Novice: 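First the structure, then my questions, so here it is.
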Amino acid sequence: MSEENKSLHFIEHIIEEDLQNGMPKEDLRFRFPPEPNGYLHIGHTKAIGISFGLGERYNAPVNLRFDDTNPAKEEQEYVDAIKRDISWLGYQWANEVYSSDYFQQLYDWAVALIKEGKAYVDSQSSEAMAEQKGTPTKVGTNSPFRDRSVDENLDLFQRMKAGEFKAGEHILRAKIDMEDPNMLMRDPIMYRIMHAHHHRTGNDWCIYPMYDWTHGESDYIEQVSHSLCSLEFKPHRKLYDWFKEQVYPLSAEQYPLLPKQREFARLNLSYTIMSKRKLLKLVEEGIVTGWDDPRMPTISGLRRRGYTPNSIRKFIEKVGVAKRENVIDVSLLEFCIREDLNKTAPRVMAVLDPLKVVITNYPEDKEEWFEAENNPEDASAGSRKVPFSREIYIEKEDFKEEASNKFFRLKLGGEVRLKNAYIIKAENVVKDLNGNITEVHCTYTEDTTKKVKGTLHWVSVKHAVQAEVREYDRLFIDEAPDSHEDKDFMEFINPNSLKIKTAFVEPSLSKTTVGEQFQFQRLGYFNVDNDATENKLVFNKTVGLRDSWAKAKPKENTKQNQQKAQQQSQRKPISVIQQLGKKYTNLPEEKQQKVRAEILELAKNVPYEELEPLFATAVKKAGTRIAAMLTLSVLLENGLEKNEAIHNFIAKALEDKNELLVAEASKL
C-alpha cells in the first residue's frame, strides 16, 4: 500500500474504490444538509470539514442544502447564520438549495407510491400508532387503515394537501413491513399535516414531508454521489435505500445516479452541550446573551470569542474521521487556537488586576518611549513604541512582601526586569487602613545588563487606556453535563464562566477594530468584542497561555491514582518529568494533553538549577526535551528571566525536526 493510501480515511477509501470500479470522477458530488432550526456549533464543523474537504480533494461540487421541512422551528435568521459561518470557515458551496425546492416533486412521487400500493393514509391517533408499532423485541401490528383502497388513499391525501383536515387527523405512511427487525421500516410516516407558515413557501403547503422521506430523495434529485452523515443515522440507511429504490424506476432517465449513504462518528466534546434544543434553552433562559455568546460552542460564539477559521479546521484535522464514537477533550481545541494565535497575534501589555508601582528615583515629569517587538514569531510584524513614566501598573499577583526563592517576581528587597525597560527594586509598600497594599515604592537602575531572574509586564499609569475585559471560562463544570439520567444539564452551569474586569492597556490599543486579536503578555490571548466602541474598549479572553483548567481538575480518587501519586511524591518532580517525557512523542494526542497537564503541574516545584542540565539532552530524545520545554514555560510564567542558556535551548529547539518540540518552543 502506498503512503498516500495509508493516509486516507475510510470514506476516502470508499470513494477511491468506487472510482476504481468505474465511477466517473465527474459524477462525484457531495452536500452539507443543515436544518435551519438553530445556529451551527463545533460539532457541525466535522461534517462541514468532511464534505467540503472531499469537495476540495476531488475538485467536486458541494451543495449547501437546507433541510427545511419543519416550519414550526425554522427561521430565516438561522439560514443567514449558517451561510455566514460556513463562509467564515473558508468553504464555498456550489449551489445553495433547499428541500422545500423539491416539495412538488416529493408530493408527485408520494402520489405515485400510493398508486402502486406502497403508501397509505392512516387515521389513527399518535398513541394508537405508537402502541401498534411494537418494540425492538416485539413485532408491530398492522394499522386498521393499512388496506384502504388506492382511490380512497389518493382522495384523502389530496384533501390533506388542500387543507381540509386538522393537524393529526391523518398522516401518510409508507407500506413496508410491520414485522421488520428495524423499527424504522415499520410503515414510517412520510407526510404530516401542519398549518404553519414556511419561511420560503409561505402558506402554499399544509402538509410537510418527514425527514427520512425528504432527505434521501433530495440527495437523489441533486445526484449526490456520497451522502455522508453521522452514526445515529446508520439504522436509517435501510429506509434511505428503500425509498430511493422506489423512486428510481419513476425517474431513472432524469436522475440516473443513486446516492450511497455512509456514516461517520460525530464530534463529541468534553464540557460541551451539542444539542441545539438545549443550546436554545440556554439562550431563552438568559444563561447566555445569545447564540453568539463567547461561552457558546456555536461557530458564531467561537468567532466572537476569538477563535480563527484556521484553528477550527486544524482541530477537525487532528480529530480525524472515525467509525466509532468517542469524546474529544476540549483542551485539544484550546491547544489549536493557542498554536494559531502564537504565530499571528501581536504581543502587547495589559494589566487586569492593577497594583500601582511608584519609581521614587525616576523624575516626576519625565517620560520615555521604548521599542517593543510586536511578535517574535513573525519577523515582518515589526515593532512599536511603549511609554514609560514614574508610575506604572503591574499585576497584584506579581508582588509579594515576602516570598520563597521559587517566586521569581517582585518582592521586598528583590529585583525584577520590566519588559522592554529598566530593572527595579522593591523598597517599601503603602497600605490602606485595612492593611491592603495600595502602592509599591521602588527604585530603578539604568544598568540593564544586570542578571535578574524575573521579568514583568507593566503599563504606564499616565498613558494607560482603560478597557473592559471579559474573562470567559467553560460554561459547564462537568465533562459530560447532559449524560446524567438523574440530573438536568442546567445543574452543571459554571457560575464563574464570566468575570468582567476593569483593566489598563498600553496606548497602542486605543485604536483597534472589532475582531482584532492580541496576546496580552503573560496573560493569554484576547480579541476586541463586538460591543467595543470608539469610546469604550472591550476585550474577550479567547484562551490562556496554558491549560489552567487541566491543572485545577481534581484527580479521580482511584487506588491506581493514589499509588501513582505516592510513588511520585517519593521522587523529585524533575525525575518524574523526565520519566513522563520519555514516551511523550509516542502517545496519542488525547493522552499527550493529559501528560502535558501533569508535567505543567509538577513544574511548579522544580527549581531552575535542576532544570538547566536537561538543556543538554540528546537531540534524539525529543520527548525529554519537550518535557523540559514545558517545565521552562512554567518557570518563565512565574517570572524567571531568560538567560543565555535558556535562549540557546529555545533557539536549538526551534530548528529541530520534531514538530511538537518546535510548537512548544515557539510559545516562549
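Side-chain atoms are counted along with the backbone in the values below, which use heavy atoms only and exclude waters and symmetry mates. Everything quoted here is computed from the prediction, not taken from an experiment.
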Novice: Output the distance between atom CG (Leu40) and atom CG (Leu302), rounded to the nearest 0.5 Å.
Specialist: 11.5 Å

Novice: Tell me, do Phe264 and Lys46 make a side-chain contact under 4.5 Å, heavy atoms counted?
Specialist: yes

Novice: Over 60° means perpendicular and under 30° means parallel, so tell me whether Tyr39 and Trp291 are parallel, tilted or perpendicular.
Specialist: parallel

Novice: With a 6.0 Å cut-off (strictly less than), is the heavy-atom count around NZ of Lys318, excluding the residue itself, greater than 12?
Specialist: yes

Novice: So, do His226 and Pro259 sit near enough that their side-chain heavy atoms are less than 4.5 Å apart?
Specialist: no

Novice: With ring centroids as reference points, do Phe10 and His13 lie under 6.0 angstrom apart?
Specialist: no

Novice: If you count every heavy atom of other residues, nucleotides or ligands that lies below 6.0 Å from Gln104 atom CD, does the total exceed 12?
Specialist: yes

Novice: What is the distance from atom NZ of Lys118 to atom CG of Leu113, rounded to the nearest 0.5 Å?
Specialist: 6.5 Å

Novice: Using a 4.5 Å cut-off on heavy atoms from C-beta on, say whether the side chain of Tyr208 contacts that of Phe103.
Specialist: yes

Novice: Rounded to the nearest 0.5 Å, what separation is found between the CD1 atom of Ile50 and the CD1 atom of Ile48?
Specialist: 10.5 Å

Novice: Kindly confirm or rule out a cation-pi arrangement of Lys161 over Tyr107, judged by NZ or CZ under 6.0 Å from the six-membered ring centre and within 45° of its axis?
Specialist: yes

Novice: Are the side chains of Leu258 and Tyr220 in touch, meaning some heavy atoms are under 4.5 Å apart?
Specialist: yes

Novice: Answer yes or no: is there an ion pair linking Glu263 with Arg237, defined by an N-O contact shorter than 4.0 Å?
Specialist: yes

Novice: State whether Arg304 and Asp293 are salt-bridged, where the test is any N-O pair (Lys NZ or Arg NE/NH1/NH2 against Asp/Glu carboxylate O) under 4.0 Å.
Specialist: no

Novice: Using 0.5 Å steps for rounding, measure from the CD atom of Glu479 to the CG atom of Leu269.
Specialist: 10.5 Å

Novice: Under a 4.0 Å N-O cut-off, is there an ion pair linking Asp18 with Lys260?
Specialist: yes

Novice: Please confirm whether His484 and Phe492 have ring centers closer than 6.0 angstrom.
Specialist: yes

Novice: To the closest 0.5 Å, what do you measure between OH (Tyr472) and CZ (Arg470)?
Specialist: 5.0 Å

Novice: Is the ring centre of Phe52 less than 6.0 Å from the ring centre of Phe30?
Specialist: no

Novice: Please check if the number of heavy atoms outside Lys133 that lie under 6.0 Å from its NZ is greater than 12.
Specialist: yes

Novice: Check Asp482 with Lys278, please: is the shortest side-chain N to carboxylate O separation under 4.0 Å?
Specialist: yes

Novice: A side-chain contact here means heavy atoms from C-beta on lying under 4.5 Å apart; do Asn494 and Arg295 qualify?
Specialist: no

Novice: Is it the case that atom CD in Glu659 sees more than 12 heavy atoms from other parts of the structure closer than 6.0 Å?
Specialist: no

Novice: Take His215 and Tyr211 through the test ring pair (Phe, Tyr, Trp, His ring centres under 6.0 Å) and record every step on the way to the result.
Specialist: CA-CA 6 Å; His215 183 78; Tyr211 174 85; 4.8 Å; yes

Novice: Quick one: list whatever passes salt bridge (charged side-chain N to carboxylate O under 4.0 Å, His left out) with Asp219, sequence neighbours left out.
Specialist: Arg31, Arg65

Novice: Taking side chain as C-beta onward, heavy atoms only, is Lys541 less than 4.5 Å from Tyr525?
Specialist: no

Novice: Check step by step if side-chain hydrogen bond (donor to acceptor under 3.5 Å, both in side chains) holds for Asp212 and His236.
Specialist: CA-CA 8 Å; Asp212 279 321; His236 295 247; 2.8 Å; yes

Novice: Heavy-atom count check: over 12 atoms from other residues, nucleotides or ligands less than 6.0 Å from Gln92 CD?
Specialist: no

Novice: Give me the one residue out of Asp180, Ile176, Asp177 that meets side chain to side chain contact (heavy atoms under 4.5 Å, CB included) with Trp242.
Specialist: Ile176

Novice: Around Glu131, counting heavy atoms of other residues, nucleotides and ligands shown, do more than 12 lie under 6.0 Å from its CD?
Specialist: no

Novice: Salt bridge or not for Arg192 and Glu169, using N-O below 4.0 Å?
Specialist: no

Novice: Do Trp93 and Phe32 have ring centres separated by under 6.0 Å?
Specialist: no

Novice: Pair Gln254, Ser251 - check side-chain hydrogen bond (donor to acceptor under 3.5 Å, both in side chains), show working.
Specialist: CA-CA 5 Å; Gln254 185 177 1; Ser251 306; 5.0 Å; no

Novice: Which value, rounded to the nearest 0.5 Å, describes the distance between Leu282 atom CG and Met296 atom CE?
Specialist: 5.5 Å

Novice: Run the salt-bridge test on Asp101 and Arg200 with the 4.0 Å N-O cut-off and return the result as yes or no.
Specialist: yes

Novice: Got a salt bridge between Arg159 and Asp155, using NZ or NE/NH1/NH2 to carboxylate O under 4.0 Å?
Specialist: yes

Novice: Gln517 pairs by side chain to side chain contact (heavy atoms under 4.5 Å, CB included) with which of Asn540, Leu341, Val528?
Specialist: Leu341

Novice: Is Asp340 salt-bridged to Lys314, going by a charged N under 4.0 Å from an acidic O?
Specialist: no

